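First comes the structure, then the notes that go with it.
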Amino acid sequence: MTETSPPAAAAEAQTLSSQYAPTEVEAKLYERWVAAGYFEADAKSEKPAYTIVIPPPNVTGSLHLGHAFEHTLIDSLTRRKRMQGYETLWQPGMDHAGIATQNVVERELAKEGLSRHDLGREAFIERVWQWKAESGGKILGQMRRLGDGVDWRRERFTMDEGLSRAVQTIFKNLFDDGLIYRAERIINWCPRCLTAISDIEVEYQDDDGELVSIRYGEGDASIVVATTRAETMLGDTAVAVHPDDERYRHLVGTEIELPLTGRRIPVVADAHVDPEFGTGAVKVTPAHDPNDFEIGQRHALPSITVLDERAIITAHGPFQGLDRFEARSAIVAALRADGRIVAEKRPYTHSVGHCSRCKTTIEPRQSMQWWVKVGPLAQAAGDAVRDGRVAIHPKEMESRYFGWVDNLHDWCISRQLWWGHRIPVWYGPEGEIVCVGPDDQPPAGEGWRQDNDVLDTWFSSGLWPFSTLGWPEQTADLQKFFPTSVLVTGYDILFFWVARMMMFGLYAMDGTPPFHTIALHGMVRDQFGKKMSKSFGNAVDPLDWMDAYGTDALRFTLARGANPGTDVPIGEEWVQGSRNFCNKIWNATRFALMNGATVEGPLPPAEELSTVDRWILSRLDATVAEVDALYEDYQFAKLSDALFHFAWDEVFDWYVELSKITLQAGGAEAAATRRVLGHVLDVTLRLLHPIVPFVTEELWTTLTGGESLVVAAWPQPEGRRDAAAEAEIATLQQVVTEVRRFRGEQGLKPGQKVPARLTLAGTALAAHEAPIRTLARLEPDAEGFAAATSFPIAGALVELDLSGAIDVPAERRRLEKDRAAAEKVKEQCTKKLANEGFLSKASAEVVAKVRGQLEAAEADIERIGGQLDRLPQG
RNA sequence: GGGCGCGUAGCUCAGUUGGUUAGAGCACUGCUCUUACAAAGCAGGGGUCAUCGGUUCGAGUCCGAUCGUGCCCA
């Protein structure tokens, strides 16, 4: 790209349309960035590394606002670091989403009248890969629309060979260390997905069910138990009571008859039974309830499984073949007919677990599964945060993290699926169990077979921060980019994913945490703070908004709503507002270009600059420092707001307007202002770029002739703070605003000029007569000037002549309102200063402040009184 | 049932360690097509900071209770 000189830029500005058209520039710019290799991270670089791994989206997923939000945050962090000179890696990729993906492909097969069993395991997996190639990973293309600065050469997938090798390696290591084991327990079984799921994949919700009280046994030897799952009574193997419960003491150790089955079951005493709840007696179904399973273990009770994998009754005569809900009614009916029902409560609202994937009611099921012994891993994961090696933002989220890692149950990692990493364990004919590492040969020969199950998807995504970099090989990438810098993700997967990465990362990488900071964000909600959901009808496709308002508008809206750890409401009107902001930036820069703003040559020294120029450079410096500090603290909402107000309120509304006066006058001052205007926009565009990359890139390359903002330097404060200039311009703004307010109250048309006499000599405003006249639309005082009102500010005096046409009541209202406000301040200050307690206990600083306020208020009252006195009668 | 958070303008939210007349965006009202921008400009209206009590010279901010609401865990 060639250098663009200012005149050429001005010419180019003429060709810029008066409205920013995002769709015309976005795709073009993105492809240019990728082609230029800006997003590629080089392990051989001398620069310090900055790494963020993408929270891997699901291969079946498509872009939703949650992604757009998270990616906006990550993209802005990495873009800023890249500008700061870091070797920046934003690692892209996806996870294989075992259950979700298998479901998608099974549904496709079902349309052809096939099941996965018809195809067989190998052919089915082949089919999944085929599906992935054709329609998986839609989201990756959508990420380009968002402007994500990821290194596409490094795209990874959890089922890739290298990542699979990582999974097998860590499985083997954990197995050898005794941290993975196989055991028969009660697990959460989804009768629709036909697999076990982990505790945290169960969602509890209050459902309407029934509570049925059933009498077991006969006469004196009878006990009433209550249940919400009557069908499980077929598998009861005991009734349990509390050991101290007098009511049942005589029955402990005896057997009573289980209705409908004729089986006799023991009455056992177990301290975990709550004698206060219900009748104080509980039925015990070890094969179908986690608590009962434990009671069964303690009392060596048999387990009787009565439901199959689809939750259909497996035996027991008339009930065989009924599903669990049909069986429930049928069994209650049968018990009722038998006179066994003592009480029925319906509806009975109670908490019921559902599969987080498909919402089917979970059926606790006793089965043999693989487990991770999380104790030592979770301890290390907790300690890393406790001792400060890993920081959680916002800090309040730490307690949730600790509460979880410190009370963790072992993690069930086997899934009865075909799509996923198959458990690398082989069973021999003599009952041998062999765990096979990635470089081992599986045992061959008659009778050996591999475990049928695959691993939980979180098992592989827990390795993501280092498996994507080549682990277990000691690659240059791993050397350079691990540990990663920051993990940006939603608080909702703190347990699902973050904790897994912490546990595996610390274990696999010899105690090095996978990231030093965890920056948690909230969920995107609608403009009324409601959760977005398809069924509620308030879900929004971010692509629609990007089409309508531009990617930058969406990104800015999301960033501006991102208060740490809190949910982000977003509405279309707000995206429109951001679009307006982008358009404002566009037009302000267009104005600058048309007026010869330049970045050529050094910025003139302060002595050669006007107060206005020194003021905006001072404000710019302050903004650079503020935005920079907020970035370090992940305060996206605040930094976006700071940029919004600086750009719009200070640069566009005041500096650009003030610069017009200087530019029109011409001469050396105009030349200096062109340079300052160019500089201010240059720096402002750099500051905005990480959040709104497209519009800033388009404008900045035109303004500066530079190659690209993506690789431009991030601004730093330049030591141009100037308190005197800031105070002087603040006074100027005050005068102009006061006059405008007067004009508004008087009902004057915006364009109407008003004769005015300005007495500014010797005051802060001495040099600003021209801007005051221009901005407040005041014309010179002519012969016969008669002041209708006056504005004494900072020693200066502005008098206006309305040719007798003044609306006296309106002016009186305005002045009286001001006086009332000042009176209120005076009263409050007087009260404080008359208070002994205040004078003796408040700090001298505060007391002095209040004294100053009182004086100012009294001066105002005096001044306004005078103005009121001078108003004509009427 | 246990734990955590929240309740500030019509809506969505800021509000550092207590200390000017409590702020922003959007929405609303009035006047303007002023030659960068009507997707704009200028000005304006709008809040007894959920309620009650307490601590303090002073409370939106700290403490307690109540009501409402959301989330996590069981």
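In this text, all values refer to a predicted model and were calculated from it rather than measured experimentally. Every chain is numbered from 1 and lettered A, B, ... according to where its sequence line falls, protein lines coming before strand lines.
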Span that lies between the C1' atom of B:rG58 and that of B:rG18, in whole angstrom = 8 Å
key: Touch class at under 4.0 angstrom, heavy-atom based, for A:D567 against every strand present   = nothing
inquiry  = Counting the atoms with a prime plus P, OP1 and OP2 as sugar-phosphate, which does A:S399 contact under 4.0 Å by heavy atoms, base, sugar-phosphate, or nothing?
reply    = nothing
task = For A:N835, report the nucleic acid contact type (base, sugar-phosphate, nothing); a contact means any heavy atom under 4.0 Å.
result = sugar-phosphate
Separation of the P atoms in B:rG70 and B:rU48, to the nearest angstrom = 25 Å
ask   = Which is true for A:F644 with a 4.0 Å heavy-atom rule: it touches a base, it touches only sugar-phosphate, or it touches nothing?
value = sugar-phosphate
query = Is A:R579 touching bases, backbone alone, or none of the nucleic acid, heavy atoms closer than 4.0 Å?
reply = base
query = Which listed nucleotide (B:rA43, B:rU20, B:rU32) is nearest to the side chain of A:R740?
reply = B:rA43
message = Please tell me if A:K638 has a side-chain N or O lying less than 4.0 Å from either OP1 or OP2 of B:rG15.
response = yes
task = For side-chain contact (heavy atoms from CB on, under 4.5 Å), just list the numbers for A:D274 and A:H242, CA-CA rounded to whole Å, side-chain angles, deciding distance to a tenth of an Å, and then say yes or no.
result = CA-CA 7 Å; A:D274 178 3; A:H242 194 274; over 6 Å; no
key: Side chain to side chain, A:R560 and A:D641, heavy atoms closer than 4.5 Å   = yes
task = For nucleotides B:rU66 and B:rC73, find the distance between their P atoms and express it as a whole number of Å.
result = 26 Å
query = Does A:N580 make a side-chain N or O approach to OP1 or OP2 of B:rA40 shorter than 4.0 Å?
reply = yes
request  = With P as the reference atom in both, quote the distance from B:rG10 to B:rU29 in angstrom, rounded to an integer.
outcome  = 15 Å
key: 5' precedence on RNA chain B between A:W574 and A:S18 (nearest-nucleotide basis)   = A:W574
request  = Could you tell me whether A:V656 contacts a base, only the sugar-phosphate backbone, or nothing, with contacts defined as non-hydrogen atoms closer than 4.0 Å?
outcome  = base
inquiry  = Quick check on B:rG41: is either OP1 or OP2 less than 4.0 Å from any side-chain nitrogen or oxygen of A:K584?
reply    = yes
note = Only residue of A:Y549, A:F694, A:F581 satisfying ring-ring contact (aromatic ring centres under 6.0 Å, His included) with A:F556 is A:F581
task = Would you verify whether the NZ or CZ of A:K584 falls within 45 degrees of the ring axis of A:F644 while also being under 6.0 Å from that six-membered ring's centre?
result = no
inquiry  = Rounded to whole Å, please give me the gap between NZ in A:K831 and P in B:rU20.
reply    = 15 Å
request  = Determine, stepwise, if the pair A:H521 / A:V568 fulfils side-chain contact (heavy atoms from CB on, under 4.5 Å).
outcome  = CA-CA 9 Å; A:H521 61 71; A:V568 188; over 6 Å; no
inquiry  = Can you check the distance between B:rG60 and B:rU16, where both ends of the measurement are the C1' atom (answer in whole Å)?
reply    = 14 Å
inquiry  = I need the single residue from A:F496, A:F495, A:W411 that forms a ring-ring contact (aromatic ring centres under 6.0 Å, His included) with A:W458. Which is it?
reply    = A:F496
Position toward the 5' end of RNA chain B (nearest nucleotide), A:D526 or A:N587 = A:D526
request  = Take atom P in B:rC28 and the same atom in B:rA39, then report the distance between them in whole Å.
outcome  = 14 Å
note = Here the distance between atom P of B:rG5 and atom OH of A:Y401, to the nearest Å, is 20 Å
key: Under-4.0 Å side-chain N/O to phosphate OP1/OP2 contact, A:Q828 with B:rU21   = yes
key: Closest heavy-atom pair and its distance - A:E738, A:I793   = CG-CD1, 3.8 Å
task = State whether the distance check finds a donor on one side and an acceptor on the other, under 3.5 Å, for side chain A:E657 versus base B:rA36.
result = yes
request  = Ignoring backbone atoms, test whether A:W648 places a side-chain nitrogen or oxygen under 4.0 Å from the OP1 or OP2 oxygen of B:rA39.
outcome  = no
message = What contact category does A:N407 fall into here, base, sugar-phosphate, or nothing, at under 4.0 angstrom with non-hydrogen atoms?
response = nothing
inquiry  = At less than 4.0 Å, is any side-chain N or O atom of A:R741 found next to OP1 or OP2 of B:rG44? Yes or no.
reply    = yes
key: Inter-nucleotide P distance (B:rC62, B:rG7), Å rounded   = 10 Å
task = Establish, with yes or no, whether the OP1 or OP2 oxygen of B:rC31 is under 4.0 angstrom from a side-chain nitrogen or oxygen of A:K749.
result = no
request  = From the options B:rA39, B:rC26, B:rC71, select the nucleotide whose nearest atom is closest to the side chain of A:E573.
outcome  = B:rC26
